Amino acid sequence: MLPSRHLRAAVRQRSHRPPAAGEAFSGKLDADVIRRNKAITVHMRAGRVGEAERLFDAMPSRSTSTYNAMLAGYASNGRLPVALSLFRSIPRPDTFSYNTLLHALAVSSSLTDARSLFDQMPVKDSVTYNVMISSHANHGLVSLARKYFDLAPEKDAVSWNGMLAAYVRNGRVQEARELFNSRTEWDAISWNALMAGYVQLGRMAEAQELFDRMPQRDVVSWNTMVSGYARGGDMVEARRMFDMAPVRDVFTWTAVVSGYAQNGMLEDARMVFDAMPERNPVSWNAMVAAYVQRRMMEKAKELFDIMPCRNVASWNTMLTGYAQAGMLDEARAVFDMMPQKDAVSWAAMLAAYAQGGFSEETLQLFIKMGRCGEWVNRSAFACLLSTCADIAALECGMQLHGRLIKAGYGLGRFVGNALLAMYFKCGNMEDARNAFEQMEDRDAVSWNTVIAGYARHGFGKEALEVFDMMRATSTKPDDITLVGVLAACSHSGLVEKGISYFYSMHRDFGVTAKPEHYTCMIDLLGRAGRLDEAQGLMKDMPFEPDATMWGALLGASRIHRNSELGKSAAEKIFELEPENAGMYVLLSNIYASSGKWRDVGKMRVMMEDRGVKKVPGFSWMEVQNKVHTFSVGDCVHPEKEKIYAFLEDLDMRIKKAGYVSATEMVLHDVEDEEKEHMLKYHSEKLAVAYGILNIPVGRPIRVIKNLRVCGDCHNAFKYISAIEGRLIILRDSNRFHHFRDGSCSCGDYW
DNA sequence: GTAGGGTTAG
């Protein structure tokens with residue numbers, strides 16, 4: 001980003017003399033200047049900045065348009081600082097000059113800079129407003145785009161289409177439609193844009209209806225429909241449109257190739273590809289992606305090697321291909337070899353590491369990214385934020401939030417929702433709420449994220465408050481909202497409330513109960529000890545119970561020590577999902593807690609027979625941008641001596657305060673003392689101990705565990721939070737626990 | 001010489 005004082009200085013020098021649109025420096029342009037201006041533009045467009053500069057320097061006289069050509073060239077070649085200093089040296093800049101700079105700032109610097117230039121512009125024309133409309137729309141700031149649209153004194157076709165596209169590109173097709181219906185003079189671009197809006201949402205019937213009604217169709221109209229059907233997986237219809245099209249261009253052909261590719265029809269894709277009259281890099285990329293999608297990396301590489309010309313996307317395709325095939329070394333090799341990297345390359349490499357569980361590498365790469373000064377675009381922001389959410393890298397996520405603000409990106413739906421989810425998944429409720437309050441465009445996803453977020457943290461009251469807020473808006477609650485609402489009731493013990501929502505949701509919100517809703521209800525009733533009612537609901541519902549529902553019942557049996565019911569639930573689960581290790585462990589724990597060691601032993605034999613591997617439990621936490629991982633007992637952490645010694649001491653102190661270790665929770669039937677020893681060194685305990693030692697007092701200790709928290713650790717953390725005066729936020733595979741002053745936000749209701 | 005629609009990679 002540019003320091004705004006440079007911008008202010010550049011503009012201040014200019015503002016004493018308002019220039020007029022189209023004004024030329026020398027009054028009359030001679031043919032030679034025009035010819036040379038054209039040559040400059042040609043060089044600039046081909047990326048030959050040096051050539052253009054030589055021409056410019058050699059010119060005996062220059063017009064303002066000469067400067068403008070240079071300015072546009074610098075801007076489109078990513079040379080923003082040079083563009084800015086050139087702008088300062090233009091003797092009489094006209095509105096063209098200002099518009100060019102405005103566009104450059106909006107595209108590659110920040111909207112804050114663009115806005116301040118806009119405010120200082122002495123003369124504005126419709127292009128000025130159009131730049132503001134489209135750049136705000138591209139950043140997801142639809143209401144600001146609308147503000148500039150309404151502000152524009154005269155609107156031309158581009159203004160109307162820009163506003164239409166602002167709605168369409170942000171998924172707000174309804175508002176686009178309303179705008180469209182408000183007048184009649186629309187051109188083919190407008191029809192195509194609105195059609196594309198429906199296509200993006202997969203609403204092909206409405207797109208087709210527009211297509212049939214449009215007064216004049218051009219090749220883009222056909223392409224929109226072909227690719228729409230292709231992306232929706234309807235290759236028959238896509239092919240029909242392709243065959244019917246009166247004109248085809250590279251886009252049409254590529255859409256079909258990519259359609260076949262994405263729907264797993266590799267041979268058809270190749271046939272069309274081979275038949276193409278001409279190909280561009282995108283067509284090649286689509287075919288390479290076809291092989292990549294089938295994990296045929298050798299074939300993909302073969303094609304990649306013979307491509308006449310590769311762009312960043314070609315490299316990115318190979319990079320993600322290797323990443324998805326789990327070939328992380330190859331992926332990294334491609335990443336290091338690429339001639340240019342863009343935001344996608346960084347995001348793909350980051351995602352590869354993150355999804356492979358290499359959080360260390362993920363963070364390292366992100367730090368490197370910051371050092372490289374890489375410009376992060378909106379989707380990369382969203383992708384990075386969700387990566388941070390997955391690994392609960394809060395500090396990383398907060399840095400991203402900071403850069404998001406600096407870049408002038410508003411909290412539009414995509415980035416805003418990703419940010420919300422990040423804060424919730426990292427256990428930072430305050431910032432999640434703040435981000436939500438600041439979002440300018442809330443959609444159902446935003447509301448759902450907040451409701452489900454609060455629910456998972458055991459903040460049932462807050463979740464239901466937000467739900468009430470949502471009901472006061474025009475955004476309609478959907479089935480996902482109600483899953484969140486029911487989960488909120490379940491996780492907070494609001495049993496009666498949950499039951500009443502469940503039975504009234506069809507009447508009040510038009511939501512029909514899906515299996516997910518029943519799962520919530522079984523969970524809710526089961527946790528409350530109303531096991532008979534839970535079973536009754538399962539019998540009466542219109543679906544066959546699935547493994548998750550039996551799992552909810554199994555969990556309830558564990559809390560309420562009903563090993564008979566637990567056993568029959570577990571048997572059903574073994575039938576449905578024989579490899580689900582978590583269920584064997586859960587059932588073992590139920591047997592163990594009632595001292596049925598023989599049955600515990602049987603479970604272990606069963607797991608061995610069926611080749612089910614128990615997922616090893618581990619926990620991790622972030623301290624100063626570094627992720628520390630802990631696993632049970634065998635801590636390899638460099639500071640393990642210190643951690644163990646501290647744990648011993650802590651253990652003594654919480655015992656004095658009344659803590660009794662619940663040896664019953666452990667899977668193995670070993671002697672008590674030994675059991676206690678194993679419990680003491682559960683991964684989450686090691687992590688919490690490390691946190692207390694390394695995180696300053698006053699800041700919460702955030703720990704993430706890949707499995708469900710063990711009951712004994714849960715109990716111990718309550719004591720620890722009181723004795724150490726710390727807030728401990730634990731994310732386990734099921735939900736969040738906030739330990740504070742001796743109690744947990746789950747109300748021991750997990 | 002500035003602004004608007006359709007194709008690839010996440």
Side-chain angles (χ1 to χ4, degrees), chain A residues 21-22 37-38 40-41 44-45 63-73 75-76 94-104 106 125-135 137 156-166 168-169 187-197 199 218-228 230-231 249-259 261-262 280-290 292 311-321 323-324 342-352 377 379-380 382-384 386-387:
Chain A
N37 288 352
K38 277 189 182 153
I40 288 177
T41 307
M44 281 298 200
R45 287 209 178 135
S63 67
T64 296
S65 53
T66 314
Y67 285 96
N68 291 346
M70 288 298 290
L71 188 59
S76 63
D94 57 13
T95 308
F96 259 114
S97 325
Y98 275 92
N99 286 342
T100 306
L101 185 64
L102 185 70
H103 183 236
D125 64 6
S126 64
V127 174
T128 316
Y129 285 94
N130 294 346
V131 169
M132 295 306 273
I133 295 168
S134 63
S135 51
D156 57 13
V158 178
S159 327
W160 285 96
N161 285 339
M163 197 56 231
L164 194 65
V168 163
R169 270 205 294 271
D187 58 16
I189 292 183
S190 331
W191 284 87
N192 290 341
L194 187 59
M195 248 165 59
V199 163
D218 63 9
V219 67
V220 175
S221 325
W222 287 93
N223 292 348
T224 306
M225 294 306 288
V226 170
S227 69
R231 255 186 296 168
D249 63 7
V250 185
F251 286 74
T252 334
W253 285 89
T254 308
V256 175
V257 172
S258 140
Q262 254 146 44
N280 65 11
V282 178
S283 337
W284 283 90
N285 291 350
M287 197 59 229
V288 173
V292 160
N311 61 18
V312 195
S314 327
W315 289 89
N316 286 343
T317 308
M318 292 301 289
L319 167 57
T320 51
Q324 279 160 10
D342 65 1
V344 174
S345 331
W346 287 93
M349 198 64 234
L350 284 169
N377 65 20
S379 33
C383 180
L384 276 163
S386 81
T387 301

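Lettering follows sequence order; numbering is per chain, from 1. As the structure is a computational prediction, the values presented were derived from the model and not from experiment.
Between Arg169(A) and the phosphate of dG4(B), there is no side-chain N or O to OP1/OP2 separation shorter than 4.0 Å. Listed pair Gln324(A) / dA9(B) fails the phosphate criterion, with no side-chain N or O lying under 4.0 Å from OP1 or OP2. The side chain of His103(A) contributes no N or O atom lying less than 4.0 Å from OP1 or OP2 of dT2(B). Taking side-chain N and O atoms only, Thr320(A) has a distance below 4.0 Å to OP1 or OP2 of dG10(B). A close approach under 4.0 Å does occur between a side-chain nitrogen or oxygen of Gln262(A) and OP1 or OP2 of dA9(B). OP1 or OP2 of dT8(B) has not a single side-chain nitrogen or oxygen of Thr317(A) nearer than 4.0 Å.
Side-chain proximity of Val158(A) to dT2(B), dG5(B), dG4(B): nearest is dG4(B). Side-chain proximity of Val220(A) to dG6(B), dG4(B), dT2(B): nearest is dG6(B). Closest to the side chain of Ala72(A), from the set dT7(B), dT2(B), dT8(B), is dT2(B). Among the nucleotides dG6(B), dG5(B), dA9(B), the one closest to any side-chain atom of Asn316(A) is dA9(B). The side chain of Thr254(A) approaches dT7(B) more closely than any other nucleotide in the set dG10(B), dT7(B), dA3(B). Distance from the side chain of Val131(A) is smallest for dA3(B) among the nucleotides dA3(B), dG4(B), dG10(B). You'll find that the side chain of Ala313(A) is closest to dA9(B), out of dA9(B), dT2(B), dG5(B). Among the nucleotides dT7(B), dA9(B), dG5(B), the one closest to the side chain of Asn192(A) is dG5(B).
Annotation: the span from Thr128(A) atom OG1 to Tyr98(A) atom OH amounts to 11.0 Å, rounded to 0.5 Å.
A straight line from CH2 of Trp346(A) to P of dA9(B) spans 22 Å, rounded to a whole angstrom. One atom, CG of Asp156(A), and another, P of dG5(B), lie 14 Å apart when rounded to the nearest Å. Atom OH of Tyr129(A) is separated from atom P of dT2(B) by 21 Å (rounded to the nearest Å). Protein atom CH2 of Trp253(A) is 22 Å distant from nucleotide atom P of dG6(B), rounded to whole Å. Atom CG of Leu101(A) is separated from atom P of dA3(B) by 13 Å (rounded to the nearest Å). Asn161(A) has its CG atom 11 Å from the P atom of dG6(B), to the nearest Å. The CH2-P distance, from Trp191(A) to dG4(B), rounds to 23 Å in whole Å. Distance Met349(A) CE to dG10(B) P: 14 Å, rounded to the nearest Å.
As judged by a 4.0 angstrom heavy-atom cut-off over every strand, Val127(A) is placed among the base-contacting residues.
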task = Take Val250(A) and Ser283(A) through the side-chain contact (heavy atoms from CB on, under 4.5 Å) test and state the conclusion after the steps.
result = CA-CA 8 Å; Val250(A) 185; Ser283(A) 337; 3.6 Å; yes
request  = Start with the C-alpha distance between Thr95(A) and Val127(A), add both sets of side-chain angles, then the distance that settles side-chain contact (heavy atoms from CB on, under 4.5 Å), and finish with yes or no.
outcome  = CA-CA 9 Å; Thr95(A) 308; Val127(A) 174; over 6 Å; no
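Checked by atom type, the side-chain pair Asn223(A)/Asp249(A) shows a donor-acceptor distance below 3.5 Å. No donor-acceptor contact under 3.5 angstrom links the side chains of Asn316(A) and Asn285(A), judged on distance only.
Residues passing the ring-ring contact (aromatic ring centres under 6.0 Å, His included) test with Trp284(A), sequence neighbours excluded: Phe273(A).
Between the base of dG6(B) and the side chain of Asp218(A) there is no donor-acceptor pair shorter than 3.5 Å. Side chain Asp187(A) to base dG5(B): no donor-acceptor pair is found below 3.5 Å.
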